[in-house]
Number of protein chains: 2
Amino acid sequence: MAQIRDVSKRAGVSPATVSRAFSDPSKLSKDTLKRVLKAAEELNYKPNSLAQVFRVKRTNTVLVLVPDIANVLFARVLSGIERIAAENNYLLLVSDTKDDIALERAGLEMVETLRADGIIQLGERPLGDLHTHPEPSKVPFVHAFDTPDAVPYPTVRINNVAAADAMASYLLALGHRRIGVLAGLKDRIVTRERLRGFRQALDSFGVPFEESLVEYGPYSMAGGAQSALRLLSRNRDLTALFTMSDEIAIGAVRTAMDLGLDLPANLSITGFDNIEFGKFCTPPLTTVMQPAERIGEVAMTLMCNLLAGETTGDAQQTLATELVIRSSAKRLAQA
Amino acid sequence: MAQIRDVSKRAGVSPATVSRAFSDPSKLSKDTLKRVLKAAEELNYKPNSLAQVFRVKRTNTVLVLVPDIANVLFARVLSGIERIAAENNYLLLVSDTKDDIALERAGLEMVETLRADGIIQLGERPLGDLHTHPEPSKVPFVHAFDTPDAVPYPTVRINNVAAADAMASYLLALGHRRIGVLAGLKDRIVTRERLRGFRQALDSFGVPFEESLVEYGPYSMAGGAQSALRLLSRNRDLTALFTMSDEIAIGAVRTAMDLGLDLPANLSITGFDNIEFGKFCTPPLTTVMQPAERIGEVAMTLMCNLLAGETTGDAQQTLATELVIRSSAKRLAQA
DNA sequence: TAGTTCAATACAAACGGTTTCATTTCAAGC
DNA sequence: GCTTGAAATGAAACCGTTTGTATTGAACTA
């Protein structure tokens, strides 16, 4: 591979000039610039980015910490991040942390040891806090998607409480009163927030909340199927299921159908997230749309600003959600 | 950040000794080693990996080119790659190429400019060939998942022809004779291969192939829904639909149901890939399992070998698929 | 005892760019 | 024609490691 010295010799200039030809062409005379570019072209010269990066101490790379790459939602967020990253000439290092705090720390270290300029973390971190440990850590950091609440760094999230409230209110407005809750993992912040929204809706409709009507479980189809089975066999009088994710909802639909229920006639079910599949399953899922790609885009944009040294303050972005009404939830038949 | 010089001074040795303390401790006397480690510990010294990488010319990073990160299958392959990468201490640069050849070239360049040690490419490349251009390119390269056929670099793939044959044979064995094909994009290699398998099955059952029974379209639920609509309204006598992906199948199911068909009584539908949803949708999807995570694992393992300088030959790995029989395809009722 | 060998360590040269600072060039102004 | 200042360019330091080679001294051999 040709190096800067070769080019400089061929163009009859110093290496410094060649360097400038790429980094700030305006500094060169028209003539020299042309000569240098020609020489570079002829030698097929590409600056060794390792050397560059080493000298400049900026990798133009950001590390993304994902709890589970294979998860549809995270994948979509990632896709949004990637779009903005590409636009701004950033590379993406992706690490699947499997919710493992050790791996997250390793990530932090990667930045300190200069492999990346900043970190975007997805998903709430169940254990500890990356940032309280040594000191508020000067590593550029953005937290997106299911972020914890009041944190000292930029976040981008949705208002889970309001969204859940809206969804539950819709169910209540349809006349449902006996509503089961298929919640996610009990220790998750999102779970607590969405439950809060649900109760809030109940309150405003003057319907009492019953702890026995909520069933916790993993955010997955299998989890939803199991939770639904437990909840449904315990409570025969439920007319609707408020679930905390589309996957849970789809699992619940499966269970309900296997139980011989006619959906949505016998049981209304709502989801959360609006994954693509919800539109095509049977019955098409009424749910709340969460702008996953957009969350990624905003997160990466925030990171770009951060790295550009713009003081974004503690930009806590909250993105809008939207009820998407399909046909898995129907007005309660007058008994 | 403390650097090697600081540590060496504090331990009263030369920088070289500190370096060796980390890279090859056996070279040091027990005593010095202890002293150096202590000093490093006290100064919280972490080698600047940028400098390291620059010196050694090995980034321990591999670039993964993905046509679409948000796609469930690619995400799963990625997950497999990630697992093995983590085990072997590799970092992953991920780039969503959007099937754009320019971006793929950019990727190649990244390796040439040394940001990554090798490339794993996912999905078939619809245009041109990365590798014929300048010369067979000495960049470590592995192609996984929907790879083209006879290529001069390691690949890991499934046998689409055989898998499609098996799936179609199953349908034929159930008594179906009028089978529509919901194919993927016409210019895709996978599409051609799966169609070949389908025809092969037809042949062995002595059933003639009718071009008019195949409908091409995108590999998506929306695509499947549309193709199904076209195909079904054109051919009223179809008893089964052989589709080329689970997403297509799910779209087709939606259409069929909207058309008032009773599934699978009126129409059998099979998928391909075995995405998780297939198990939970209605009716649960009969499909062929494609080991996505495993493909990723094998690909990354191949890459590790390649980078370790082991001559893997032109390791063309073909992984086993498996029919997964659920209930979207049933024996044809005797008319 | 002198010579040889070997382990342990130090020295200094890379690695391939970027950037500071000094110098040269050259047109404009007087 | 001389001065002046800006624009263009070059020389050399620098970034923080790794690594080939040289050095040292102790143990071992003949």
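First the proteins, then the strands, lettered A, B, ... as listed; each starts at 1. Computed over heavy atoms, backbone and side chain alike; hydrogens, waters and symmetry mates excluded.
B/Gln317 places no side-chain N or O within 3.5 Å of a backbone atom of B/Thr155 that could act as its donor or acceptor partner. With hydrogens and angles ignored, the 3.5 Å screen pairs a side-chain donor or acceptor of A/Asp6 with a backbone N or O of A/Gln3. Between the side chain of A/Arg115 and the backbone N or O of A/Leu63 there is no donor-acceptor pair closer than 3.5 Å. Checking side-chain atoms of A/Asp117 against main-chain N and O of A/Arg58 turns up no donor-acceptor pair under 3.5 Å. With A/Glu297 contributing its side chain and A/Gly80 its backbone, the two residues share no donor-acceptor pair below 3.5 Å.
Here the C1' atom of nucleotide D/dG20 and the CZ atom of B/Arg20 are 9 Å apart, to the nearest Å. Between the P atom of D/dG16 and the CG atom of A/Leu50 lies a distance of 15 Å, rounded to the nearest Å. As a whole-Å value, the separation of A/Lys9 NZ from D/dG10 P is 14 Å. Taking atom CZ of residue A/Phe54 and atom P of nucleotide D/dT17, one finds them 8 Å apart after rounding to whole Å. The CD atom of B/Gln52 sits 14 Å away from the C1' atom of D/dC15 (whole-angstrom rounding). The separation between B/Asn48 atom CG and D/dC15 atom P is 12 Å, rounded to whole Å. B/Asp24 places its CG atom 12 Å from the P atom of D/dG20, with the value rounded to the nearest Å.
Residue contacts shown for A/Val53 are absent, as no nucleic acid heavy atom lies under 4.0 Å away. If you check every strand for non-hydrogen atoms under 4.0 Å, A/Thr17 touches sugar and phosphate atoms only. As judged by a 4.0 angstrom heavy-atom cut-off over every strand, B/Leu28 is placed among residues touching the sugar-phosphate backbone only. Contact annotation for B/Phe22: no contact, since no heavy-atom pair falls under 4.0 Å across all strands. Nucleic acid contact class of A/Arg5 (heavy atoms, under 4.0 Å, all strands): none. No engagement by B/Ser23 is indicated, since no non-hydrogen atom pair under 4.0 Å with the nucleic acid exists.
In terms of phosphate contacts, A/Thr32 brings no side-chain nitrogen or oxygen within less than 4.0 Å of OP1 or OP2 of D/dA8. When the side-chain nitrogen and oxygen atoms of B/Tyr45 are compared with OP1 and OP2 of D/dG16, none of them lie within a distance under 4.0 Å. OP1 or OP2 of D/dT17 has not a single side-chain nitrogen or oxygen of B/Ser49 nearer than 4.0 Å.
In terms of position along DNA chain C, the nucleotide closest to B/Ser26 lies nearer the 5' end than the nucleotide closest to the other residue of the pair A/Ala51 and B/Ser26. Map A/Pro15 and B/Lys30 each onto its nearest nucleotide of DNA chain C; the residue landing nearer the 5' end is B/Lys30.
More than 12 heavy atoms of other residues, nucleotides or ligands sit less than 6.0 Å from atom NZ of B/Lys46. Remark: B/Lys27 NZ is loosely packed, at most 12 non-hydrogen atoms of other residues, nucleotides or ligands lying under 6.0 Å away.
Taking the 5' to 3' direction, DNA chain C first and last meets chain A under 4.0 angstrom from a heavy atom at C/dG16 to C/dT20.
Summarising the geometry, atom OG belonging to A/Ser19 is positioned 8.0 Å from atom CD belonging to A/Gln52; distances are rounded to the nearest 0.5 Å.
Among the nucleotides D/dA12, D/dC15, D/dT19, the one closest to any side-chain atom of A/Ala16 is D/dA12. For A/Arg55, taking side-chain heavy atoms from C-beta onward, the closest of the listed nucleotides D/dT9, D/dC15, D/dG10 is D/dC15.
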